[in-house]
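To start, the structure under review is shown below, and the notes come after it.
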Number of protein chains: 2
Amino acid sequence: MSGRTARRRVTMTEVARAAGVSVMTVSYAYGRPDRVSDETRAKVREAAERLGYPGPHPGARSLRRGRTGNLGVVLGEHLTYAFDDPQASRFLAGVAQVCADHGMALTLVPVTGGPADVDRVTEAAVDAFVVWTTADDDPVIDAIAATGLPATVHGGPRRDGLAFVAADDRAAARAAGGEVFAGARRPAVLSFPLDRARVSTVTFGAPAPRPGASDSAGAARDENATGSGGAIPKSARLSVLGAGVRGPVSGIDPETATFRVTRQRLRGFRDAWSEIGGDWPEVRVAVCSTNSAREAEELAAELLTGPHACDAVAAMSDELALGTLRAAARLGLAAPADFTLSGWDDTDAAAPAGLTTIAQSLRDQGARCARAALGHPAPGDRDTEVAWHLVRRDSTRRRR
Amino acid sequence: MSGRTARRRVTMTEVARAAGVSVMTVSYAYGRPDRVSDETRAKVREAAERLGYPGPHPGARSLRRGRTGNLGVVLGEHLTYAFDDPQASRFLAGVAQVCADHGMALTLVPVTGGPADVDRVTEAAVDAFVVWTTADDDPVIDAIAATGLPATVHGGPRRDGLAFVAADDRAAARAAGGEVFAGARRPAVLSFPLDRARVSTVTFGAPAPRPGASDSAGAARDENATGSGGAIPKSARLSVLGAGVRGPVSGIDPETATFRVTRQRLRGFRDAWSEIGGDWPEVRVAVCSTNSAREAEELAAELLTGPHACDAVAAMSDELALGTLRAAARLGLAAPADFTLSGWDDTDAAAPAGLTTIAQSLRDQGARCARAALGHPAPGDRDTEVAWHLVRRDSTRRRR
DNA sequence: CTGTTAGCGCTTTCAT
DNA sequence: ATGAAAGCGCTAACAG
């Protein structure tokens with residue numbers, strides 16, 4: 001525990017005086033070494049060494065130069081999700097790769113979900129922003145737009161003036177749903193959170209359309225909206241599973257989800273089930289508060305048991321799908337014999353588990369977001385849509 | 001792809017003029033709202049809104065105030081390891097938690113392993129540094145010390161003037177080794193990299209003591225050095241396993257490892273084997289270039305097969321141990337029937353796998369490092385040493 | 001190749 | 001409650 005002795009910083013002026021040259025010469029010695037004679041540079045370096053000058057003050061330099069060398073990253077979650085959520089991590093690894101390539105630091109803005117988040121964004125000394133999936137009503141988006149800095153949003157929400165990168169989640173969900181729901185009688189979706197209240201709500205009964213954000217709003221925000229959304233059946237059922245965890249429920253309206261990714265995937269799964277001739281209210285939807293196998297295991301156990309046990313589960317991530325497999329194993333069930341299952345992302349664990357899934361690279365998407373924000377797009381970055389494809393594996397083989 | 005239109009930033013001066021007040025009044029309106037009448041503040045806010053003023057320029061503010069609001073994190077690895085290496089992620093989640101608590105941004109300094117890393121550190125606009133395990137000869141450490149900013153190093157190297165946080169890796173390895181090596185005839189260690197050359201070396205034959213950093217140097221750097229280190233036997237054997245992967249080899253000298261954590265753990269495993277009456281050169285050491293189960297699986301397959309198949313594997317992380325289990329499963333072997341196995345960290349996956357391991361919380365250690373660097377130590381942070389304990393599970397039950 | 005001038009945008013004194 | 005002056009530490013732009 002030493003290191004806390006913040007000794008005063010030596011300034012360039014002091015070095016200049018000690019070396020017997022002007023401040024500009026010192027500045028050049030550091031910033032433009034070739035503009036200075038070897039001799040002078042040596043003199044400067046020597047004086048700097050002697051005085052313990054650590055080089056130009058980064059803050060002063062960036063104020064003068066008008067750039068910080070930092071790429072800001074804002075999450076629609078608590079800062080720790082950057083390292084806790086496997087999807088966010090993969091995405092950020094891509095961002096980090098691009099940062100490293102360009103010698104830019106990666107600054108994670110300390111959001112916590114509280115009202116101060118807006119200030120944290122405003123106070124971030126960065127040259128550009130990358131935003132990882134947040135809700136349509138997150139005020140942080142406006143704060144970012146207000147800075148006037150280049151910014152790329154991944155997943156959502158879309159906003160004028162901000163670049164946007166996302167796969168066609170609805171189409172992909174429709175593809176996955178078509179596979180996993182085929183031949184099913186009691187389908188279910190294992191979903192990401194619908195909105196930012198993810199961790200604080202435990203509801204009983206059928207969820208009523210919320211006041212502010214709602215049906216038509218959601219539909220208006222995105223292209224491809226089908227409108228309506230199934231009515232909520234009287235049989236809707238919700239169980240308590242612990243703080244922050246909503247239990248399985250029937251008939252959630254996709255349009256009420258303020259996370260665009262969740263909304264689009266719910267829509268896609270609804271599309272798929274409709275195409276098979278089903279009705280959306282027949283689909284049970286379990287909402288996880290986080291993207292973790294552990295939590296999914298709890299919810300999946302609910303889905304897979306009881307008189308109305310599901311026989312098809314479409315999960316919004318491989319992590320959730322793997323949690324489902326763990327629950328199944330505990331219950332003595334197996335896919336595809338007892339139920340079909342699909343995941344999302346095609347992570348390393350998907351193939352060994354025989355999991356049907358949507359393949360996409362969050363890492364590439366992160367890199368792409370970073371490149372867009374930094375103004376260094378690669379050739380392929382032109383297209384707005386991002387590549388994905390359905391990978392069929394054993395977890396949905398039943399009907400074949 | 002909009003967002004690239006970096007409109008010029010509105011300044012406080014312009015807002016002042018528009019609001020018909022002085023610059024100071026605007027500054028107060030933002031930084032010290034109570035020092036300004038409600039009326040004036042409203043006037044200022046209105047003008048700001050109208051002009052699109054995003055609030056005080058963070059860089060200018062921090063230059064004036066003398067603090068940035070950023071905690072810098074430096075890895076002894078490529079920047080992407082922050083999100084790719086599970087250990088680093090757990091550590092950084094702890095750092096992130098503390099940052100969020102204090103409203104500080106977390107700035108990952110873009111190191112790549114190249115010579116420019118030093119400059120990246122010098123140019124980082126931060127108030128303090130946290131360093132995640134690097135090698136004794138990493139020049140970045142000097143650069144950090146030169147800034148004069150508070151800094152905490154996790155794992156190593158120790159350095160005067162920088163705070164230091166680490167568990168007693170040697171003692172812990174001795175404890176794990178005592179457990180996993182008990183009754184073994186052909187022990188092995190599955191190790192982290194020895195030095196920064198981790199990914200570039202594929203060697204044949206017995207490794208000669210390297211020129212610069214070496215035996216006595218390593219011993220001198222740490223307390224508890226036992227000196228000597230076993231001679232390298234003629235039978236030393238190295239196999240090629242692909243780029244960046246050293247194959248298993250006998251008789252690596254712990255003192256040659258420039259990563260302090262690796263060195264201390266090797267020493268501890270040597271201690272354990274000696275206590276049982278063994279000779280260090282009898283212990284095979286497989287060095288992984290990264291902390292990944294995938295790579296461990298490859299190396300472990302080597303260790304567990306052939307005429308001299310090992311019957312005890314001490315791994316330096318749970319990830320490496322789980323890779324070993326995967327290799328074993330593929331080979332039709334199981335622990336503890338065919339070999340004993342120990343991991344490190346007691347991650348979530350350890351208990352389900354029945355893995356004997358060293359329990360410690362990298363997350364807590366990350367939080368602790370951040371608190372120390374930021375000058376907000378918690379009560380328990382006083383002790384230099386960090387808590388750990390041996391968790392005995394089935395993977396070493398054979399002899400009991 | 002080196003130096004002079006000006007000012008990046010803000011906030012800390014210290015008045016009024 | 002508001003304002004004027006000064007300058008945080010540095011570098012672009014221009015001389016010489």
Side-chain angles (χ1 to χ4, degrees), chain A residues 6-45 47-48 51-69 122-127 147-149, chain B residues 6-44 47-48 51-69 119 122-127 147-149:
Chain A
R7 36 175 211 274
R8 197 186 66 76
R9 231 189 129 91
V10 177
T11 74
M12 199 176 259
T13 315
E14 299 174 81
V15 175
R17 186 158 35 230
V21 297
S22 81
V23 193
M24 270 324 293
T25 303
V26 179
S27 177
Y28 283 145
Y30 281 92
R32 242 66 118 31
D34 26 317
R35 273 183 137 44
V36 156
S37 74
D38 288 2
E39 193 185 6
T40 315
R41 194 172 45 230
K43 217 164 45 184
V44 169
R45 292 287 183 182
L51 300 184
Y53 178 66
H57 182 112
R61 167 177 272 183
S62 81
L63 175 59
R64 184 60 241 229
R65 296 225 255 228
R67 60 178 293 277
T68 65
T122 304
E123 292 162 6
V126 301
D127 297 326
T147 65
L149 294 171
Chain B
R7 33 175 214 275
R8 197 186 64 80
R9 228 190 133 90
V10 177
T11 76
M12 198 175 262
T13 314
E14 298 175 80
V15 175
R17 186 158 33 230
V21 296
S22 81
V23 194
M24 272 323 297
T25 303
V26 180
S27 177
Y28 283 146
Y30 281 93
R32 243 67 119 24
D34 25 318
R35 272 182 137 45
V36 156
S37 74
D38 288 3
E39 190 186 10
T40 316
R41 195 173 43 229
K43 217 163 48 183
V44 170
L51 300 183
Y53 178 65
H57 181 112
R61 168 177 270 183
S62 81
L63 175 59
R64 186 58 241 231
R65 289 196 177 160
R67 60 178 295 277
T68 64
D119 298 323
T122 303
E123 292 163 6
V126 301
D127 298 327
T147 64
L149 294 171

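Sequence lines set the chain letters: A, B, ... in the order given, protein chains first and strands last, and positions in each chain run from 1. In this text the structure is predicted, and so the values were computed from the model without any measurement.
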Exercise for review: For each nucleotide in nucleotides 10-16 of chain C, reading 5' to 3', give B when a protein heavy atom comes within less than 4.0 Å of its base, S when such contact involves only the sugar-phosphate, and - otherwise.
Suggested key: BBBB---
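In this entry the distance linking CZ of Arg67(A) with P of dT11(D) reads 13 Å, nearest Å. For the pair Lys43(B) NZ and dG3(D) C1', the interatomic distance rounds to 13 Å; values are reported in whole Å. Separating the CZ atom of Arg17(A) from the P atom of dG9(D) is a distance of 12 Å, rounded to the nearest angstrom.
Geometrically, Arg45(A) engages Tyr30(A) in a cation-pi contact, judged by NZ or CZ lying under 6.0 Å from the ring centre and within 45° of the ring axis.
The side chain of Ser37(A) contributes an N or O atom lying less than 4.0 Å from OP1 or OP2 of dT2(C). OP1 or OP2 of dG3(C) has at least one side-chain nitrogen or oxygen of Thr25(A) nearer than 4.0 Å.
Distance check: Arg41(B) CZ to Asp38(B) CG gives 4.5 Å after rounding to the nearest 0.5 Å. Note: Arg64(B) CZ to Leu63(A) CG = 12.0 Å, rounded to the nearest 0.5 Å. One finds the CZ atom of Arg35(A) at 9.5 Å from the CE atom of Met24(A) (value rounded to the nearest 0.5 Å).
For the side-chain contact (heavy atoms from CB on, under 4.5 Å) test, residues two or more places apart in sequence or in another chain that qualify with Ser62(A) are Thr68(A). Take Ala47(A) and apply the side-chain contact (heavy atoms from CB on, under 4.5 Å) test, not counting sequence neighbours, and it matches Val15(A), Ala18(A), Ala19(A), Arg50(A).
Contact annotation for Thr40(B): backbone-only contact, meaning every heavy-atom pair under 4.0 Å involves sugar-phosphate atoms and none involves a base.
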